[in-house]
4 protein chains.
Amino acid sequence: MTADPETTLRADARRNRDQILAAAKTIFAVSGPEVPMEEIARAAGVGVGTLYRRFPDRDALVRAVAMDNFERVLIDARAIAAEETSSWRALERLLRQSVELQLSIQLAMVSHRALVILKGDPEVRRLRDEILAVVEDFVRGAQAEGVLRPDVGAGDIAILFATLLRQMRAKSSDVAEMAARRCVGIMIDGLSARPGTELPGRPIMADDLDPAADHS
Amino acid sequence: MTADPETTLRADARRNRDQILAAAKTIFAVSGPEVPMEEIARAAGVGVGTLYRRFPDRDALVRAVAMDNFERVLIDARAIAAEETSSWRALERLLRQSVELQLSIQLAMVSHRALVILKGDPEVRRLRDEILAVVEDFVRGAQAEGVLRPDVGAGDIAILFATLLRQMRAKSSDVAEMAARRCVGIMIDGLSARPGTELPGRPIMADDLDPAADHS
Amino acid sequence: MTADPETTLRADARRNRDQILAAAKTIFAVSGPEVPMEEIARAAGVGVGTLYRRFPDRDALVRAVAMDNFERVLIDARAIAAEETSSWRALERLLRQSVELQLSIQLAMVSHRALVILKGDPEVRRLRDEILAVVEDFVRGAQAEGVLRPDVGAGDIAILFATLLRQMRAKSSDVAEMAARRCVGIMIDGLSARPGTELPGRPIMADDLDPAADHS
Amino acid sequence: MTADPETTLRADARRNRDQILAAAKTIFAVSGPEVPMEEIARAAGVGVGTLYRRFPDRDALVRAVAMDNFERVLIDARAIAAEETSSWRALERLLRQSVELQLSIQLAMVSHRALVILKGDPEVRRLRDEILAVVEDFVRGAQAEGVLRPDVGAGDIAILFATLLRQMRAKSSDVAEMAARRCVGIMIDGLSARPGTELPGRPIMADDLDPAADHS
DNA sequence: GATGAATGAGTATTCATTCAT
DNA sequence: GATGAATGAATACTCATTCAT
């Protein structure tokens, strides 16, 4: 049992862990996940040793950052689900909000390294599946509402979603941030298009994402 | 003077250069642009020494791969421009075709390293601007044709375009490939949406891309 | 003053000390004297802090383990001396028994590190000298009895003795244990051989061991 | 195929390899097999990189040193076999010579680390078996000649042999060297003792050494 | 020119030891 | 006193780049 590290750690240790995670998230976002561990430690205000005590190696750290962010997305998604009565609006909000909210985690993914690390991690997958389950609800609901084109699945959304978020790196400029939001807008229009261009293949469902493993 | 390497090199040297470029493109696509130089040399069937004679350092190689790909995109774009009478159709074709055609260059960009290298390289920029000029024509034409929503600019398209292509990495599975095409489809619908959701900010033009430097 | 730690410590502190010593002895025997201090602490069921309170550094611990074992050997040797009337039999018993009894201390020596630590430590040396004194008695007695070849000294025995014991590491198998006993047997026959092959050099005495410092 | 590295390497590479091996052998003998790789490289007059190119990690180097030495022992053993008509004399010579000849390899074994590395390595085992085969011949022959006690096997000899050699570390002093020779002498007398003390267990044969893996 | 060997700076990681809780 | 968290120096190992063959 990994137990809940949130509750198990001594107060100071806990604080360090959080600082490391926060520092890593920021730095990964700015410089990718290959930055020297020492730089992360320094940014977190701890020695490398402490970093390594908490995260046995870089992969563990990348994983932890990813998990942390996925968790936030999930919490968000659930909050939205609870608040919105319209599935379409819920989906829309999730996509739009996440752009601003979740830059970081996706950023961690702008790297082969990170992708490889995350793929195949069962915990990451579990979390992802929970998120997808929520999205799937949104999709079905929005399609029933007649606002979402019927020829897309949660998988399509997830890929689109991941694709976009993945870009948002360091919001280095106003243009970049604006661009992100505009992309989402265009995509949402594309999603609600009726009739739209005929899409090739078939709707991609949450299940389809597993073997692909290249996305989300 | 770098002169035109295409014409300056002896036949065998030329062959080596091409092999290295091809190998690098493939390997970058699969494993990112941080792979050991030796691996690239091996894949190209030459010694590292030869690689270094041709490309003074990794950056030069990354640049060369990028240039090579941009060139292909440009050639494509121009061919399409010559063939299609409808600007919208031309734009559509370019976006769709490029998914399959240009994986590699974008792939080279799935990395901070590559981004940094490419940014600020005047030759790369020049080439990019030529591509953007063509796209800008398409955009204006398509808007005149009344098919493209008027609130987008070539910059929007470029970012969208780059965003998507960037995902397509190693098409590890059928689903992944299908997903790519579907994303493009949805996006195209989003682009032609009339009326669409109101987009935030203002149209992003080709010029806007320079300072942002985070995209395209 | 280190005083006699046996009497100075509080009951629980004493227990800790003993546990650490026992754990260290075992672990040194199995994995050599370079194992992480933390591993020893864990095996002893205490925190590293406690270990360090008791033994200021690794060297101190190695020394303590060695001392502890030398003491046991000395006690044994004296007990044997008291019980046996024949010096040769006493010598024989000491050698044979020690194989089973004293694995550990020798084991601690299967390492440059340990050797270096122990060499030059005056307490260790004192203890060793006491043991050698007893052995020297045995040797002289056995030679007077006419059973031990006259061309060997206590030093020869000590080296032989150390040599053999040093091998016995983790008695991973029955064969290994049997082998140890057989070696001793052969060696004892070698020692009693009359006439034996002529030995090179001259008898090595207890005194000779000091400068050599590589043995015993 | 590891091919014969002796023949495959470029002249300069070959020279470096040999220097590294020689340096490692010496340093291992003096300071054990845990010395910093850099120290070995420096002693060999090469950069660490070169060391690592030739031997992918420390284990590989330890293995190589061991192999090199085993080979020398085997060559010696065969030369002796060819020259001596008496098996007993051959055995004796092998044991005596090896003390002087093979210090190093055994030295490499004065360490848990080394033991663990070597155990289970098929090439090392193969070489060891070849040596044992020669010894086995000597043993049988010497017993037929009536000079070697009949209750010992090649395994006994090997263990005794290994045991002794293992001690001889850096011949830090004349006494140490003399001691080594004297030990061998005593052991040889022990081996030829007739009648000797009854040995416990049964003769240890070459085959017995495999599972034990703790010796030779 | 081509090759691949050598170099050594750059990083990851470990672990002895100290110190706050 | 006990504990285990934090520190950072010591080392292993990798890989870009240079250079002898």
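By convention in this document, chain letters (A, B, ...) are assigned in the order of the sequence lines, proteins followed by strands, and residues within each chain are numbered from 1.
Contact annotation: C:Arg54 reaches the phosphate of F:dA2 (side-chain N/O to OP1 or OP2, under 4.0 Å). Using a 4.0 Å cut-off, some side-chain N or O of B:Asn16 falls inside it from OP1 or OP2 of E:dA2. Distances shown here put every side-chain N or O of A:Arg53 at or beyond 4.0 Å from the OP1 or OP2 atom of F:dG4.
For the pair B:Phe55 CZ and E:dA2 P, the computed distance is 12 Å after rounding to whole Å. Rounded to whole angstrom, the span from the CD atom of A:Glu38 across to the P atom of E:dA9 amounts to 17 Å. Rounding to whole angstrom units, CG of residue B:Leu61 and C1' of F:dT17 are separated by 14 Å. Counting to the nearest Å, the C1' atom of F:dT17 and the CD1 atom of B:Ile40 are 14 Å from each other. Separating the CZ atom of A:Arg17 from the P atom of F:dA6 is a distance of 12 Å, rounded to the nearest angstrom. Rounded to whole angstrom, the span from the CD atom of C:Glu34 across to the C1' atom of E:dT14 amounts to 14 Å. Summarising the geometry, the separation between CD1 on B:Ile20 and C1' on E:dA2 is reported as 11 Å, rounded to the nearest angstrom. Between the CZ atom of B:Arg42 and the C1' atom of E:dA2 there is a distance of 17 Å, given to the nearest Å.
A donor-acceptor pair under 3.5 Å is formed between the side chain of D:Arg58 and the backbone N or O of D:Pro33.
Within a 6.0 Å sphere centred on CD of D:Glu39, other residues, nucleotides and ligands contribute more than 12 heavy atoms.
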(request) Kindly indicate, with the supporting measurements, whether the criterion side-chain contact (heavy atoms from CB on, under 4.5 Å) is fulfilled by C:Lys25 and C:Asp68. (result) CA-CA 9 Å; C:Lys25 192 183 299 195; C:Asp68 187 73; 2.8 Å; yes
(request) Could you check B:Asp121 against B:Asp59 for side-chain contact (heavy atoms from CB on, under 4.5 Å), going step by step and ending with a plain yes or no? (result) CA-CA 11 Å; B:Asp121 179 294; B:Asp59 288 8; over 6 Å; no
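For the pair D:Arg14 and D:Asp18, the salt-bridge criterion is met [side-chain N within less than 4.0 Å of a carboxylate O].
As judged by a 4.0 angstrom heavy-atom cut-off over every strand, C:Asp12 is placed among residues making no nucleic acid contact.
Under the salt bridge (Lys or Arg N to Asp or Glu O under 4.0 Å) criterion, B:Asp57 pairs with no residue, sequence neighbours left out.
The stretch residues 43-52 of chain B comes close to DNA chain E through B:Val46, B:Gly47, B:Val48, B:Gly49, B:Thr50, each having a heavy atom under 4.0 Å from the strand.
Residues C:Tyr52 and C:Met37 are in side-chain contact: their nearest non-hydrogen atoms beyond the backbone lie under 4.5 Å apart. In this structure, B:Met67 and B:Glu123 have side chains that are in contact, with non-hydrogen atoms separated by less than 4.5 Å.
In this structure, CG in B:Leu21 is found 10.0 Å from CG in B:Leu51, a value given to the nearest 0.5 Å. In this structure, CG in C:Asn69 is found 10.0 Å from CG in C:Leu127, a value given to the nearest 0.5 Å.
Listed nucleotides: F:dC13, F:dG1, F:dT17. Nearest to the side chain of B:Asp57: F:dT17.
If C:Met37 and A:Met37 are placed on DNA chain E by their nearest nucleotide, the residue sitting closer to the 5' end is A:Met37. The residue among B:Pro36 and D:Arg58 whose nearest nucleotide of DNA chain F is located toward the 5' end is D:Arg58.
Stem regions for DNA chain F, each three or more consecutive Watson-Crick or G-U pairs with both distances under 3.5 Å and listed by first number, read E:2-21 with F:2-21.
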